[in-house]
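First the structure, in the form of structure tokens, and then the observations on it.
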Amino acid sequence: MSDLDLFTPLQLGPHQLPNRLVMAPLTRNRARADGVPTPMMIAYYRQRASAGLIISEATCIAPTAVGYPLTPGIWSAEQAAGWAPITAAVHAAGGRIFCQLWHVGRVSHPSLLPAGGLPVAPSAVQPAGEAATYEGPQPFVTPRALETAELPEIVAQYRRAAEHALAAGFDGVEVHAANGYLLDEFLRDGTNRRSDGYGGSVEHRARLLLEVLAAVCAVWGSDRVGVRLSPIQPFNDMRDSDPEGTFSRVVELLDPLGLAYLHVTRLGRDAPGAAGPHFDPDRLRRLWQGVYMTNHGYDRASATAAVVNGEADLVAFGVLFLANPDLPERFRRGAPLNEPDPATFYGGGEQGYTSYPFLD
Ligand code: PHB
């Protein structure tokens, strides 16, 4: 036992977090079609500034990185200018916000991409399922395998996005390497069938992620860069033949970088077999010397236990933060929680976005 709890401050790189509750990255589909954030996003993030840390919704690094309608971007100066009042509002309310840098890889559709091009991926492996498009759900297409010579431009897109995030006033960035998007597609062998230096061994499959992190850390300093992994998340038709071996090695490769944190979602833990052989992603904690963030399905009691027992330093809450802008205060008081409204999760207006009530 320790005397820690969810309200013990934590030093995260240069940032002093007043509590251990993180607002998880949440796609809300309320940006403009060109990826510029909308004014209603200012109030939404400001309302949640009592989080120890906010991680922004997944934010596209390039026009070719987009996979869903009305998701924000951070590849242009205009998009960065749209984020600036959001980060300023969070800061004015006493909070901190990281930008989650996102390339969806194969999880897209020609109708969402420049000149109707094909989604790109490590290998031409078509995901089962449907893309979310402006015309409604449409079957996924077979993506185009990226040429080795194209990978430096992907890294450069991350670097430019990181520069825009810095200009937009964010406090750091999280590299999204989870949930079946581009970097995760390189990590897992269900989607990476490459025979060049970016496929095969775990070291090769992790190479693009390591190059991206090096580029982003050169902009931000490693202590303001986090990374998110999802070793057994089956979403987006993902699998790996050996998630424990793959992700143990990935974490060993990431550990020496001195990153702000490692963020691991346990999603998929309750679906053994769905994503290949089962292991508990919380075991990665022991391989990681730095700040460890866990996510998925935590409540006040289980999150407190995770921090007290040393299973994690930070706990990210998605749906609970979505529906409770003052989640830390509600947890502190043991107060009742608002009921989330799934009909307004993805897209819409202020209703179900900035309309959830505060306690007082
Ligand atoms: C989604 O938009 O459904 C989405 C986005 C990013 C994730 C997971 C899901 O990491």
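Atoms within a ligand are numbered from 1 in the order they appear, just like the ligands themselves. None of these values were measured; they are calculated from a predicted model.
The ligand atoms of ligand 1 that sit less than 4.0 angstrom from a heavy atom of Thr27 are 1 (C), 2 (O), 4 (C), 5 (C), 6 (C). Close approach of ligand 1 to His176 (heavy-atom distance below 4.0 Å) involves ligand atoms 6 (C), 7 (C), 10 (O). Counting the atoms of ligand 1 from 1 in the order shown, those under 4.0 Å from a heavy atom of Asn179 are 7 (C), 8 (C), 10 (O).
In this pair, Tyr353 and Tyr44 present their aromatic rings parallel. The plane angle is below 30°, not in the 30 to 60° band. Below 30°, between 30° and 60°, or above 60°: for Trp102 and His176 the angle between ring planes is below 30°, a parallel geometry.
Residues Tyr68 and Tyr134 place their aromatic rings such that the two centres sit no closer than 6.0 Å.
Closest heavy-atom approach to atom 9 (C) of ligand 1 within the set Phe345, Tyr68, Tyr181: this belongs to Tyr181.
Remark: the Gln157 side chain and the His103 side chain contain no N/O donor-acceptor pair separated by less than 3.5 Å.
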